[in-house]
Chemist: 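Take this structure, written in structure tokens, and hold onto it; I'll ask about it next.
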Amino acid sequence: MGGKMARVRIAHPVRFIIFIMLVVALIGAGVWAVARAVGKPSVSPTPPVVEDTPEITPPPIAENSPTPPLEESTPAPQDTPAPQDTPAPQNTPAPQNTPAPVQTDAPSNTSWPDIQGAVPQGPAVNMDYFSDAVFIGDSQTIGLFDYGYVKGSKMMAKTGMGVLTYNSGKLDKVTGYTQQLSFADALSAMKSCNKVYIMMGINDVPCDISVETFMRCYRKMLDAVRAVFPGKIIYIQSVFPIAKSVNDNPARNMKQSYIDDVNAQLLAMCNEMENTYYIAVSEAYKGADGFGDSEVYGSDGIHFKWKHYDRWLNYLLTHTVS
């Protein structure tokens with residue numbers, strides 16, 4: 001009895017332990033299975049999210065950002081044709097005015113009527129003839145130089161200057177000088193010249209002075225010139241004509257008949273003096289009616305358009321003395 005009980009007690013604990021071990025094993029397997037089943041979905045979706053983001057995002061940014069093509073498609077040098085769009089040299093009057101003496105609307109072989117006692121027309125001299133000359137005058141003389149018709153010679157002039165005012169104020173255009181000079185000082189500065197061209201009188205026409213007063217003032221001016229250039233050639237140019245519209249306008253107080261009278265007196269004066277010659281350059285601009293040719297003038301009816309200064313130049317080239 002006692003031995004039987006002992007075997008029973010020994011047998012039950014063994015089975016119980018085995019049972020417990022089986023239960024633990026089953027529970028462990030179940031937990032492992034559950035853990036595995038639960039762990040798979042939580043781990044697998046994460047990598048695709050992380051991997052897909054870098055794979056998709058960079059390529060579109062790098063390939064679709066067309067920065068280089070934009071730089072190539074901005075042809076700045078082609079879109080800025082500055083040299084073609086700025087034809088300033090073509091629009092500048094200076095280059096057009098310079099060749100005017102070569103291509104003129106009154107060729108040097110033009111025939112003008114000879115005025116008795118004036119320098120007659122002859123073969124045209126070369127432009128070098130003016131290389132030792134000085135031109136004395138007003139704004140019309142300034143235009144002859146500024147428009148490029150006379151080069152290599154000298155000028156002493158003042159806008160508005162006349163026989164009444166030549167000795168008042170200073171000349172603003174004296175070749176070789178930036179400062180203004182008095183008439184006397186300008187003459188002294190030009191004393192090396194061998195020829196003198198004088199164009200003066202148009203600014204005195206509306207001053208209501210008699211022809212006698214005009215000539216008295218002119219002679220005084222001429223005496224000052226002759227004193228500085230003794231024995232040199234002095235050309236007295238006739239006063240230019242005016243347009244008929246100016247003559248007929250009482251407000252302008254200018255008459256062509258007065259100018260004609262003055263020119264006749266200038267011619268007579270020159271015939272009384274040695275080395276002093278009258279050039280009837282006004283004939284280059286007179287029309288058949290005795291007034292200035294209307295097509296040559298600007299809006300004031302006194303100053304010529306730049307392209308018509310060639311008549312003046314050609315007249316001078318064909319009316320010289322030895």
Side-chain angles (χ1 to χ4, degrees), residues 133-147 150 153-193 195-230 232 234-242 246 249 251-256 258-270 272-273 275-276 278-279 281-282 298 300-304 309 312:
V134 57
F135 287 74
I136 303 174
D138 50 30
S139 57
Q140 291 173 318
T141 296
I142 293 174
L144 193 63
F145 277 73
D146 284 357
Y147 291 136
V150 177
S153 53
K154 297 179 179 180
M155 166 181 59
M156 47 178 288
K158 178 182 179 181
T159 299
M161 184 168 68
V163 298
L164 294 176
T165 60
Y166 74 93
N167 215 19
S168 61
K170 294 187 176 182
L171 309 188
D172 48 14
K173 294 282 186 177
V174 181
T175 301
Y177 292 84
T178 55
Q179 72 271 28
Q180 297 181 346
L181 298 179
S182 67
F183 190 83
D185 289 342
L187 285 177
S188 179
M190 301 296 151
K191 64 183 179 181
S192 62
C193 296
K195 307 181 190 80
V196 180
Y197 284 86
I198 300 176
M199 169 59 74
M200 209 178 297
I202 193 66
N203 292 307
D204 304 291
V205 174
C207 294
D208 286 328
I209 59 173
S210 65
V211 174
E212 291 74 18
T213 301
F214 179 97
M215 290 304 301
R216 185 170 60 252
C217 295
Y218 202 108
R219 284 176 179 272
K220 185 177 180 181
M221 178 271 299
L222 183 56
D223 288 343
V225 173
R226 287 165 57 87
V228 178
F229 299 94
K232 304 296 178 65
I234 298 178
Y235 290 110
I236 303 298
Q237 302 173 85
S238 60
V239 180
F240 282 128
I242 56 177
V246 177
N249 185 352
R252 302 295 294 273
N253 196 30
M254 301 181 76
K255 291 297 180 181
Q256 183 61 47
Y258 180 91
I259 295 175
D260 293 339
D261 290 343
V262 163
N263 285 336
Q265 291 299 314
L266 291 175
L267 171 60
M269 177 190 70
C270 291
E272 298 170 1
M273 298 179 174
N275 304 316
T276 304
Y278 178 81
I279 300 181
V281 68
S282 54
D300 65 358
I302 297 175
H303 294 88
F304 308 129
Y309 274 80
W312 185 358

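The model shown is predicted, which means the values in this text are computed figures rather than measured ones. One is the number of the first residue; the rest follow in order along the sequence. Values below: all heavy atoms of this structure, side chains included; hydrogens, waters and symmetry mates excluded.
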Chemist: May I have the step-by-step check of side-chain contact (heavy atoms from CB on, under 4.5 Å) for M190 and V196, ending in yes or no?
Modeler: CA-CA 9 Å; M190 301 296 151; V196 180; over 6 Å; no
Chemist: Taking atom types as modelled and ignoring hydrogens, do the side chains of W312 and Q237 form a donor-acceptor contact shorter than 3.5 angstrom?
Modeler: yes
Chemist: Side chains of D185 and K170: closer than 4.5 Å at any heavy-atom pair?
Modeler: no
Chemist: As a quick check of understanding, evaluate side-chain contact (heavy atoms from CB on, under 4.5 Å) for I242 and V205, giving each step before the final call.
Modeler: CA-CA 11 Å; I242 56 177; V205 174; 6.0 Å; no
Chemist: Find out whether M221 and I136 are in side-chain contact, i.e. whether some heavy atom of one side chain is under 4.5 Å from a heavy atom of the other.
Modeler: no
Chemist: In a check of side-chain contact (heavy atoms from CB on, under 4.5 Å) between S238 and each of N263, V262, D260, L266, which one passes?
Modeler: N263
Chemist: Supply the atom-to-atom distance Q256 CD to S282 OG, rounded to the nearest 0.5 angstrom.
Modeler: 8.0 Å
Chemist: Under a 3.5 Å threshold, yes or no: a donor from one side chain and an acceptor from the other, between Q265 and D261?
Modeler: no
Chemist: Got Y278 and M269 here, is their nearest side-chain heavy-atom distance under 4.5 Å?
Modeler: no
Chemist: With a 4.5 Å limit on heavy-atom distance, are the side chains of P206 and R252 in contact?
Modeler: no
Chemist: Please round to the nearest 0.5 Å and tell me the distance separating atom NE2 of H303 and atom CG of D138.
Modeler: 6.5 Å
Chemist: Mind checking the CG-OG1 spacing from D172 to T178? Nearest 0.5 Å is all I need.
Modeler: 12.5 Å
Chemist: What are the two closest non-hydrogen atoms of V281 and F240, and how far apart are they?
Modeler: CG1-CE2, 3.6 Å
Chemist: Is there a side-chain contact (heavy atoms from CB on, under 4.5 Å) between K158 and Y166 once you walk through the steps?
Modeler: CA-CA 9 Å; K158 178 182 179 181; Y166 74 93; over 6 Å; no
Chemist: Does any part of the side chain of M215, heavy atoms only, come nearer than 4.5 Å to the side chain of V163, both counted from C-beta?
Modeler: no
Chemist: Under 3.5 Å, is there a donor-acceptor pair linking the side chains of S210 and T213?
Modeler: yes
Chemist: Are the side chain of N203 and the backbone of G162 linked by a donor-acceptor contact shorter than 3.5 Å?
Modeler: no
Chemist: Quick one: does F229's side chain get under 4.5 Å of V134's, heavy atoms only?
Modeler: yes
Chemist: Measure the OH-CZ distance between Y309 and F304 for me, rounded to the nearest 0.5 Å.
Modeler: 7.0 Å
Chemist: If I compare all heavy atoms of Y218 with all of M200, which pair ends up nearest, and what's the gap?
Modeler: CE1-O, 3.7 Å
Chemist: What's the separation between atom CD1 in I236 and atom CD1 in I279, rounded to the nearest 0.5 Å?
Modeler: 9.0 Å
Chemist: For Q140 and I302, work out which heavy atoms get closest and say how close.
Modeler: NE2-O, 3.5 Å
Chemist: Is the number of heavy atoms from other residues, nucleotides or ligands under 6.0 Å of K195 NZ greater than 12?
Modeler: yes
Chemist: Within this structure, what is the NZ-OH distance for the pair K154 and Y177, rounded to the nearest 0.5 Å?
Modeler: 8.0 Å
Chemist: Before you tell me yes or no, could you show the steps for D204 and Y258 under side-chain contact (heavy atoms from CB on, under 4.5 Å), namely the whole-Å CA-CA distance, both residues' side-chain angles and the distance that decides it to 0.1 Å?
Modeler: CA-CA 11 Å; D204 304 291; Y258 180 91; 5.8 Å; no
Chemist: Which heavy atom in A186 sits nearest to a heavy atom in L171, and how many Å separate them?
Modeler: CB-CD1, 3.8 Å
Chemist: Between the side chain of T276 and the main-chain N/O of C270, is any donor-acceptor distance below 3.5 Å?
Modeler: no
Chemist: Any side-chain heavy atom of M273 within less than 4.5 Å of one from R219?
Modeler: yes
Chemist: Restricting to non-hydrogen atoms, name the atom on T175 and the atom on M155 that form the minimum distance, rounded to 0.1 Å.
Modeler: OG1-N, 2.8 Å
Chemist: Would you confirm whether K232, through its side chain, and C193, through its main-chain N or O, come within 3.5 Å as a donor-acceptor pair?
Modeler: yes
Chemist: Does any non-hydrogen side-chain atom of L187 lie less than 4.5 Å from one of V225?
Modeler: yes
